[in-house]
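Heads up, the thing below is written out as structure tokens.
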2 protein chains.
Amino acid sequence: MSTPKPEATLAVNGSLSRHRRTYSIGELARMFEVTPRTIRFYEQEGLLAPERRGQTRIYHEKDRVRLKLTLRGKRLGFSLAEIREVIEMYDAMPDGNARQLKRLLEILSDKRSNMERQLEDIRLMQRELDDVEMRAREVLERLDQN
Amino acid sequence: MSTPKPEATLAVNGSLSRHRRTYSIGELARMFEVTPRTIRFYEQEGLLAPERRGQTRIYHEKDRVRLKLTLRGKRLGFSLAEIREVIEMYDAMPDGNARQLKRLLEILSDKRSNMERQLEDIRLMQRELDDVEMRAREVLERLDQN
DNA sequence: GACGACGTTGACGTTAACGTAAAGTGGTTG
DNA sequence: CAACCACTTTACGTTAACGTCAACGTCGTC
């Protein structure tokens with residue numbers, strides 16, 4: 001209760017946030033090296049919900065964080081649907097009923113074991129790469145000695 | 001030269017192998033929980049090249065290992081094309097020219113940094129999950145106390 | 001010798017995640 | 001004011017990685 005949290009992650013405590021900055025879609029796109037089309041697509045899929053000034057989208061810190069998390073999730077092989085599910089449940093958390101919350105914990109547990117497996121996969125794959133690289137270097141060395 | 005390698009990985013030293021077993025496509029499919037269709041598709045994409053007895057495909061240890069590596073690669077987000085590229089180069093290694101070998105090392109280095117990033121992503125994502133889970137549990141507890 | 005399990009090829013269908021092109025809007029700058 | 005951005009919507013196109021279905025061959029066995 002009294003210990004101040006280091007920083008909010010998924011949610012940015014809006015009004016108190018130091019970052020009063022906003023972003024255009026193009027800025028965000030360059031920041032993360034994606035196209036505006038991608039960002040719009042994520043919105044259409046319910047992953048983002050930027051403010052509008054007229055027609056134009058205005059992105060806040062919260063949106064930027066979401067995009068970042070989305071892209072990270074993607075790199076880990078999660079589908080946009082999965083990512084959205086987590087985001088939606090997170091948003092619904094404060095007033096979420098017990099069933100929803102338990103479902104959320106279930107999903108999180110799933111993601112966790114998924115990542116455990118990925119860690120193992122990465123370890124194994126790294127050994128493979130080590131092995132292949134070693135052999136390749138051996139062959140190269142023999143070529144050089146001619 | 002004299003130190004015996006613990007075990008071959010990508011390539012199985014065929015004739016000396018203890019495993020003289022072969023597999024049908026259905027067996028392999030069940031082992032890895034994929035459909036036969038998937039395995040045939042991988043062959044069509046140049047990832048597998050099983051022996052044929054008449055029409056029927058016969059898979060050896062080497063093919064099984066390849067399939068395993070392929071699926072692992074997939075879980076790490078590599079495309080079939082990328083995986084094939086590595087496999088092809090590996091096969092061409094013994095008589096590979098220097099250019100090919102250097103290109104292989106390059107690819108391997110790419111994969112490595114890719115995986116480094118994934119490791120970092122996983123670490124970050126795990127923190128996110130911890131955070132979300134904590135909050136969810138807090139909310140749940142308050143609900144239980146009513 | 002019919003049946004079921006398993007295998008084959010070929011072709012078309014499907015889904016996710018965008019790309020791309022067209023056509024229009026709104027601001028600012030020379 | 002014209003030209004040029006950056007942004008918008010709509011809509012159709014594309015690619016990877018299979019799924020699905022049809023139509024057929026080949027066993028073992030009841």
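Letters go in sequence order (proteins before strands), and every chain restarts at 1.
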Contact residues, residues 45-56 of chain B to DNA chain C [heavy atom, < 4.0 Å]: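 DNA chain C contact set from residues 45-56 of chain B: B/R52, B/Q55, B/T56.
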How about A/N97 and A/Q100: do any of their side-chain heavy atoms sit closer than 4.5 Å?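 Side chain of A/N97 against side chain of A/Q100, heavy atoms only: contact under 4.5 Å found.
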Are side-chain heavy atoms of B/I25 and B/P36 found at a separation under 4.5 Å?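 They are in side-chain contact.
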Distance check, rounded to the nearest 0.5 Å: B/I39 atom CD1 versus B/Q44 atom CD?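 Output value for this atom pair is 14.0 Å.
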Please indicate whether B/R127 has more than 12 foreign heavy atoms, meaning atoms of other residues, nucleotides or ligands, lying under 6.0 Å from its CZ.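 Open: at most 12 neighbouring heavy atoms sit under 6.0 Å from CZ of B/R127.
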Contact boundaries on DNA chain C for chain A, cut-off under 4.0 Å to non-hydrogen atoms: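 With heavy atoms of chain A under 4.0 Å away, the range is C/dA17 to C/dT20.
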For residues 26-44 of chain A, which residues have at least one heavy atom under 4.0 Å from DNA chain D?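 Those residues whose heavy atoms fall under 4.0 Å from DNA chain D, taken from residues 26-44 of chain A in numerical order, are A/G26, A/R40.
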Can you pull out every side-chain hydrogen bond (donor to acceptor under 3.5 Å, both in side chains) where at least one residue sits in residues 28-42 of chain B? Sequence neighbours excluded, please.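 Qualifying pairs: B/T35-B/T38.
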Going by side-chain hydrogen bond (donor to acceptor under 3.5 Å, both in side chains), name the pairs with one or both residues in residues 47-57 of chain A, residues two or more places apart or in two chains.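 Passing the test, one end in residues 47-57 of chain A: A/E43-A/R52, A/E43-A/R57, A/E51-A/H60.
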Flag the pair B/R137 and B/E133 as a salt bridge only when some basic side-chain nitrogen lies within less than 4.0 angstrom of an acidic carboxylate oxygen.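 Yes, this pair counts.
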Considering all heavy atoms of both residues, which atom of B/M93 and which atom of B/L101 are nearest to each other, and what is their separation?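 Closest heavy-atom pair between B/M93 and B/L101: CG-CD2, 3.7 Å.
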Using every non-hydrogen atom in the two residues, find where B/K74 and B/I83 come nearest and quote the distance to one decimal.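 In this case the closest contact between B/K74 and B/I83 is N-CD1, 3.9 Å.
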Considering just the side-chain nitrogens and oxygens of A/R57, establish if one lies under 4.0 Å of OP1 or OP2 belonging to D/dT8.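 Answer is yes, contact under 4.0 Å.
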Does anything in residues 78-92 of chain B form a salt bridge (charged side-chain N to carboxylate O under 4.0 Å, His left out)? List the pairs, not counting sequence neighbours.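 Residue pairs with at least one partner in residues 78-92 of chain B: B/R66-B/D91, B/E82-B/K111, B/E85-B/R103.
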